[in-house]
Number of protein chains: 2
Amino acid sequence: MPPEAAPTVSDLARPPRTGTRSDSRLPLVLDAAARFFAEKGFGYTSMRDIAGAAGMLPGSLYYYFASKEALLVAVYAEGVRRITDTVLPALGAAEVDPWTRLANVCAAHLAGLLEDGDYGQVVIRVRPEDAPAVAARLTALRDEYEAIFAQAIDALPLPPRTDRRALKLMLLGALNWSQTWYRPGKDSPSVLARRFVRLLRDPLGQ
Amino acid sequence: MPPEAAPTVSDLARPPRTGTRSDSRLPLVLDAAARFFAEKGFGYTSMRDIAGAAGMLPGSLYYYFASKEALLVAVYAEGVRRITDTVLPALGAAEVDPWTRLANVCAAHLAGLLEDGDYGQVVIRVRPEDAPAVAARLTALRDEYEAIFAQAIDALPLPPRTDRRALKLMLLGALNWSQTWYRPGKDSPSVLARRFVRLLRDPLGQ
DNA sequence: CATCATACCAAACAACTGTTTGTTTTTCTA
DNA sequence: TAGAAAAACAAACAGTTGTTTGGTATGATG
């Protein structure tokens with residue numbers, strides 16, 4: 001067996017990469033799927049919903065994706081990619097101090113999760129177990145991102161014996177759960193992020 | 001119209017309270033529903049799943065509940081009741097200092113959410129929007145509990161200008177999200193709770 | 001013992017689900 | 001401009017969904 005490259009989104013599309021036509025409605029399909037998955041969840045979205053929003057028939061989706069779950073992987077992967085692309089610049093800014101950099105990373109995370117469109121929301125909204133056949137791939141994609149996020153925490157100058165893993169779980173949980181209570185128009189993602197980080201940094205005990 | 005009492009769980013059951021027989025399988029139904037809702041989610045659970053686990057036929061469930069969503073409300077309300085019952089004692093312990101009391105409340109919250117059975121998990125797992133017809137009631141139930149939780153935070157001696165609402169959202173989010181990564185057998189709920197509260201109380205910045 | 005609400009069964013309903021199969025139209029390329 | 005590949009249609013499949021309807025044992029009650 002020849003060594004294979006890391007699997008990408010297009011591995012799940014059925015026809016090989018060669019020769020794509022310009023009028024393909026694949027982007028429409030992905031956008032529609034992302035919208036429905038983000039708003040209604042994976043299980044509550046039907047292939048007919050997606051096909052209808054993309055202006056085609058349900059069966060036609062199977063030209064691009066072997067199954068509904070394969071379509072989810074594609075959307076999910078794109079979501080991770082977008083959040084990563086939003087967060088990486090904030091993480092790379094080496095000149096700012098670690099705490100404000102963490103705040104910026106959190107702000108970017110929140111933005112990609114709450115405002116930057118549907119793809120990012122899917123990553124938080126959809127539970128891997130909801131698509132058993134591809135659950136492992138989804139989890140791997142999520143872990144891949146969380147490792148990036150963890151870098152912002154590892155860079156913090158913390159007192160010795162601080163549980164950095166717990167700190168990551170706590171912060172990431174607080175951020176992700178915001179999808180439950182966040183309402184657009186109120187506090188912006190960056191405001192929320194700064195507020196959360198400040199609660200961690202400043203001493204609340206006497 | 002005569003003034004009505006606040007709606008309770010049994011309002012959703014079809015027959016009036018008068019004359020209940022002792023061999024009713026209603027508890028079995030609720031337990032089975034809670035188990036499936038907690039493990040697979042609301043939308044991924046069928047009435048046949050629940051009926052089968054309770055040893056009856058799907059149609060028979062409609063003797064107790066007018067719809068699948070009404071059944072969810074019953075389970076959800078019971079879940080809120082159980083978590084509340086677990087948390088209230090920890091909240092009422094007036095002798096211990098506010099910070100350890102908060103830790104105890106969080107530990108109770110986590111226990112009711114991760115270990116104390118399925119009812120509690122349903123409250124966190126199921127999103128109100130998944131059952132549109134009863135979404136408002138579910139949200140109201142959840143808010144009712146969160147108000148209790150908030151008392152533990154209001155009692156904290158915090159520096160002036162501390163955003164207590166943000167603190168509540170952050171802590172509750174971190175706790176609730178633990179359903180995603182928690183694995184039984186590792187750190188216990190009370191250990192996790194103490195760890196999270198300590199991260200908030202102790203100064204992490206220099 | 002007669003009665004009656006309780007608690008369920010049995011069977012079906014229409015609507016919807018993901019998916020397949022064969023065919024047709026459209027676009028790019030040689 | 002002929003041919004091939006790409007992109008989609010059209011129609012159906014088998015299974016599952018929540019729910020309804022009419023009937024029937026069963027236990028409590030007078």
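Just so it is clear: chains get the letters A, B, ... in the order the sequence lines come, proteins before strands, and each one is counted from 1.
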Original post:
Looking at residues at least two apart in the chain, or sitting in another chain, which of them share a side chain to side chain donor-acceptor pair (under 3.5 Å) with E115(A)?
Top reply: Y182(A)

Subject >> Between OG on residue S24(B) and OH on residue Y63(B), distance to nearest 0.5 Å >> reply: 7.5 Å

Original post:
NZ of K68(B) versus P of dT19(D): gap in Å, rounded?
Top reply: 8 Å

Subject >> Gap between atoms CG and C1', on L57(A) and dT23(C) respectively (whole Å) >> reply: 13 Å

Subject >> Whole angstrom value for the distance that separates P of dT20(D) from CG of L61(B) >> reply: 13 Å

Subject >> Cation-pi, Y62(A) ring and K68(A) (6.0 angstrom, 45 degrees) >> reply: no

Original post:
Y63(A) side chain: which of dA7(D), dT19(C), dC8(C) is closest?
Top reply: dA7(D)

Subject >> Strand contacts (DNA chain C) in residues 33-43 of chain B, 4.0 angstrom heavy-atom criterion >> reply: none

**OP:** Enumerate the residues from residues 44-55 of chain A whose closest heavy atom to DNA chain C is under 4.0 Å, giving them by residue number; use none for an empty result.
**Re:** T45(A), S46(A), M47(A), R48(A)

Original post:
Between dC8(C), dG18(C), dT19(D), which one does the side chain of R25(B) approach most closely?
Top reply: dC8(C)

Original post:
Which residue pairs satisfy the side chain to side chain donor-acceptor pair (under 3.5 Å) criterion with at least one member in residues 82-97 of chain B, sequence neighbours excluded?
Top reply: E78(B)-R82(B), R81(B)-D85(B), D97(B)-T100(B)

Original post:
Roughly, in whole Å, what's the span from OH in Y62(B) to P in dG23(D)?
Top reply: 21 Å

Subject >> Partners meeting side chain to side chain donor-acceptor pair (under 3.5 Å) with D187(B) (sequence neighbours left out) >> reply: R195(B)

Original post:
What ring pair (Phe, Tyr, Trp, His ring centres under 6.0 Å) pairs are there with at least one residue in residues 131-155 of chain B, not counting sequence neighbours?
Top reply: H109(B)-Y145(B), H109(B)-F149(B)

Original post:
For DNA chain D, what is the dot-bracket line, given that a base pair needs Watson-Crick (N1 to N3, plus N6-O4 or O6-N4) or G-U wobble (N1-O2 and O6-N3) geometry with both distances under 3.5 Å, and | means paired with another strand?
Top reply: ||.|||||||||||||||||||||||||.|

Original post:
Considering only heavy atoms from C-beta outward, does the side chain of Q151(A) approach that of L91(A) to under 4.5 Å?
Top reply: yes

**OP:** Apply salt bridge (charged side-chain N to carboxylate O under 4.0 Å, His left out) to K168(A) and list each qualifying residue two or more places apart in sequence or on a separate chain.
**Re:** E146(A)

Original post:
What does S60(A) touch in the nucleic acid at a heavy-atom separation under 4.0 angstrom: a base, only the sugar-phosphate, or nothing?
Top reply: base

Original post:
Are the side chains of P189(A) and L192(A) in touch, meaning some heavy atoms are under 4.5 Å apart?
Top reply: no

**OP:** Can you establish whether the number of heavy atoms outside R164(B) located under 6.0 Å from its atom CZ is more than 12?
**Re:** yes

Please tabulate, one pair per line, each protein N/O and nucleotide N/O from nucleotides 26-28 of chain C that are separated by under 3.5 Å, including the distance.
| unit_1 | atom_1 | unit_2 | atom_2 | d |
| --- | --- | --- | --- | --- |
| dT26(C) | O2 | R21(A) | NH1 | 2.9 |
| dC28(C) | OP1 | S22(A) | OG | 2.7 |

Identify every side-chain donor-acceptor pair in residues 25-33 of chain B under 3.5 Å, counting partners at least two apart or on other chains, and give the distances.
| unit_1 | atom_1 | unit_2 | atom_2 | d |
| --- | --- | --- | --- | --- |
| R25(B) | NH1 | G55(B) | O | 2.8 |
| D31(B) | OD1 | Y119(B) | OH | 2.5 |

Show me the donor-acceptor pairs, under 3.5 Å and distance only, between side chains in residues 122-131 of chain B and residues at least two apart or in other chains.
| unit_1 | atom_1 | unit_2 | atom_2 | d |
| --- | --- | --- | --- | --- |
| R125(B) | NE | A38(B) | O | 3.4 |
| R125(B) | NH2 | E39(B) | O | 2.9 |

Original post:
What residues form a ring-ring contact (aromatic ring centres under 6.0 Å, His included) with Y76(A), not counting sequence neighbours?
Top reply: none

